[in-house]
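Taking it in order: structure first as structure tokens, then the write-up.
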Amino acid sequence: ELSRLRIEKPRIAVVFDAKGRSNVPQPSDVRDPRRSPLDPLFNLAVRRLEVVDGLWIWNDQSTKIDFNAESATVSMAYEPARDRYAGTVSIRSAALTDSDTSHSSHSSHASHLSWTSRVRFFLDRRALEVTEASFESGHTLLQAQGTLRDFRTPVLQAGFQVAMDVADAGTLFHQPALREGRLTAKGSLRYDRSNGGLHVSGDARLERATLSTFHDLGATAKFEATSDNIIFKPFQCEALGGSAEGQVRISDLGRTPHYSIAGHVTGLSYARLAEAIETLYPTVPLTRPHIMTSISGDTEISFGGAPVEMALRGTLTDPGAVPPGYMPVHGHTDMHLITGNEYLVVRDTELLTPASRLTAEGAGRFHVTLTTTNVKEFEWAGKLPATKTRRAEFDGTLSGPLRALQFEGRAGLEGISWVIAGKEYAFDGFHGNVTLAPGRVTIRDGRLDRGASQILFNASAPVVDGAI
């Protein structure tokens, strides 16, 4: 029996190689289930055990994570009546660092997290009971209580409350998409390797968050999590000027997370959604149409580790106010967009503006009809050779990548003014088969009418800044 044992400035280093093998000695294969791995400590019956100014280094080459705990102090007092130790742990400076050089482009804040810790516990031969544990880092605070039983085949049960800065979470899990905001959660945790591993459940709330290019998000949800994925259901969210409810699944945690969102949206701003997606994938020109509309309906969105996929079956309604240069749109659509190969599927779609009606149907190649009394509504597509028209009708096919669509079909225009070689000509009407491609127009079986005269022609010419 020892009355006091004091250890000053110990250094403990745990190292894992790239295959996950560690330098920790393995226990003997011969085990007596009646004995505890902690029996030697209890046999010593140290009245007071102190560890002062310790250093703990955890270097995991398989996950590229280093953990250092400096100024660590442990104090334990033996209680012979209960054959247990009562103790405290205090860590004044701990750091979690990403040592993967492939992420060297990230800022130091994105790869380093420091915090302080305090733990009170009781330790007996077969269990560890933590009555109070707290971890603090900047604007993040985690509090927990729990029990670890059977040190040979550990089973952990705990309750927790956390208030976390979203940027700190991005640092901790090395996810730069987690940028700012506040996350609060409470729930329970269980780890049993022989019965499903890790399981966490509880309630969460997200406030004024930025995730990737999506800003000012707020959400509440119940969640279920394992070491590999997390599900928020039911999920309620305020985002992009509207709201959503349904479920969110995040899979492949710790590697390249994949986010899947399914549910019902109400009043989402098309302009804000298009801006967020186009920031991620600049080749998808969703902001090029100057459209103002609110989206409501059933939707599915997935992103992360793969191109964005977005499906929507719903209605579009006119917003309350439309800034200059934009046009209000209402109607309905059933669409599925994959940004990686710019593949779009459109079904049962009708879009209406103050002067136009558009219908579309197809997969990668679309049959479209367009009727308009104001071609200026489409100046966002580029300067048009027809500067004036009372009415225009198009019926044909759209094809090609979304950033460079080509129209081929039948066109009819009434009361048209046409710019040719820098000079404007007025005609009563035009009819013909038209191919409109970026920078070029081709006309077959064209007919221009002016009074009693007609011009019948075929033509192919470049279009430069809207002029033929």
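Throughout, residue positions are numbered sequentially from 1 according to the sequence presented. This is a predicted model, so every value here is computed, not measured.
Residue Ile250 comes nearest to Phe232 through the heavy atom pair CD1-CE1, 4.0 Å, listed as atom of the first residue, atom of the second, then distance. In terms of heavy-atom proximity, Thr317 sits nearest to Thr293 at O-OG1, 3.1 Å. In plain terms, the two heavy atoms of His336 and Glu309 that are nearest each other are NE2-OE1, 3.2 Å. Nearest heavy-atom pair across Leu286 and Pro289 is O-CD, 3.4 Å. Minimum interatomic distance between Thr353 and Val329 (heavy atoms only, all atoms of both residues): CG2-CG2, 3.9 Å. Residue Thr372 comes nearest to Asn374 through the heavy atom pair OG1-N, 3.0 Å, listed as atom of the first residue, atom of the second, then distance.
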*Could you walk me through whether Thr88 and Val119 pass the side chain to side chain contact (heavy atoms under 4.5 Å, CB included) test, one step at a time?*
CA-CA 5 Å; Thr88 61; Val119 179; over 6 Å; no

*Audit row: Glu180, His215, side-chain hydrogen bond (donor to acceptor under 3.5 Å, both in side chains) steps and yes/no*: CA-CA 9 Å; Glu180 62 181 14; His215 302 278; 5.2 Å; no

*Show your reasoning for whether side chain to side chain contact (heavy atoms under 4.5 Å, CB included) applies to Thr147 and Val130.*
CA-CA 6 Å; Thr147 303; Val130 176; over 6 Å; no

*Do Ile295 and Leu312 pass the side chain to side chain contact (heavy atoms under 4.5 Å, CB included) test, and can you show the C-alpha distance, the side-chain angles, and the key distance before you say yes or no?*
CA-CA 9 Å; Ile295 304 170; Leu312 170 69; 3.2 Å; yes

*Asp395 and His367: side-chain hydrogen bond (donor to acceptor under 3.5 Å, both in side chains), yes or no, with the steps?*
CA-CA 8 Å; Asp395 188 337; His367 174 236; 2.8 Å; yes

*Evaluate the side-chain hydrogen bond (donor to acceptor under 3.5 Å, both in side chains) criterion for residues Ser194 and Asp192: first the C-alpha distance (whole Å), next the side-chain angles of each, then the deciding distance (0.1 Å), finally the verdict.*
CA-CA 5 Å; Ser194 63; Asp192 185 348; 2.8 Å; yes

*Using the side chain to side chain contact (heavy atoms under 4.5 Å, CB included) rule, take Ser117 and Val89 through it: C-alpha gap first, then chi angles, then the decisive distance, then the call.*
CA-CA 8 Å; Ser117 308; Val89 177; over 6 Å; no

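Note on Arg313 versus Asp298: no salt bridge recorded, every NZ/NE/NH1/NH2 to OD/OE distance being 4.0 Å or above. Looking at Glu207 and Arg182, no side-chain N of the basic residue comes within less than 4.0 Å of a carboxylate O on the acidic one, giving no salt bridge. Ion pairing between a basic and an acidic side chain is recognised when a charged N comes within 4.0 Å of a carboxylate O; Arg205 and Asp203 show no such pairing. Salt bridge present: Asp216 and Arg208 bring a charged side-chain N and a carboxylate O closer than 4.0 Å.
Contact check for Glu132 versus Gln143: no side-chain heavy atoms found under the 4.5 Å cut-off. Annotation: side chain of Pro323 is in contact with side chain of Met292 (closest heavy-atom distance under 4.5 Å). Ser302 places a side-chain heavy atom less than 4.5 Å from the side chain of His258. Looking at Cys237 and Ser243, their side chains never come closer than 4.5 Å, going by heavy atoms from C-beta outward. Counting heavy atoms from C-beta outward, Phe122 and Glu79 have side chains that approach closer than 4.5 Å. Residues Leu344 and Val346 form a side-chain contact, since some pair of their non-hydrogen atoms from C-beta on lies under 4.5 Å apart. A heavy-atom distance below 4.5 Å is not found between the side chains of His332 and Leu316.
In this pair, Phe407 and Phe394 present their aromatic rings perpendicular. The plane angle is above 60°, beyond the 30 to 60° band.
A donor-acceptor contact shorter than 3.5 Å links the side chain of Glu377 to the backbone of Ala355. Thr140 contributes no side-chain N or O that, together with a main-chain N or O of Glu136, makes up a donor-acceptor pair within less than 3.5 Å. A donor-acceptor pair is defined here as one N or O able to donate and one able to accept, closer than 3.5 Å; no such pair exists between the side chain of Thr210 and the backbone of Arg179. Proximity of a side-chain donor or acceptor of Glu278 to a complementary backbone N or O of Thr287 within less than 3.5 Å is detected. Remark: side-chain polar atoms of Glu361 are paired, donor with acceptor, to backbone N or O of Asp348 under 3.5 angstrom.
For Arg347, the CZ atom is densely surrounded, since the number of other residues' heavy atoms within 6.0 Å is greater than 12. The environment of Glu275 atom CD is sparse: at most 12 non-hydrogen atoms of other residues, nucleotides or ligands sit within 6.0 angstrom.
Shown are Val200, Val155, Leu198; of these, the side-chain contact (heavy atoms from CB on, under 4.5 Å) with Tyr191 is made only by Leu198. Screening Arg249, Gln247, Lys222 against Lys233 for a side-chain contact (heavy atoms from CB on, under 4.5 Å) leaves a single residue, Gln247. When Arg120, Gln161, Arg118 are each tested for a side-chain hydrogen bond (donor to acceptor under 3.5 Å, both in side chains) with Ser134, only one passes: Arg118.
Distance check: Glu238 CD to Thr220 OG1 gives 8.5 Å after rounding to the nearest 0.5 Å.
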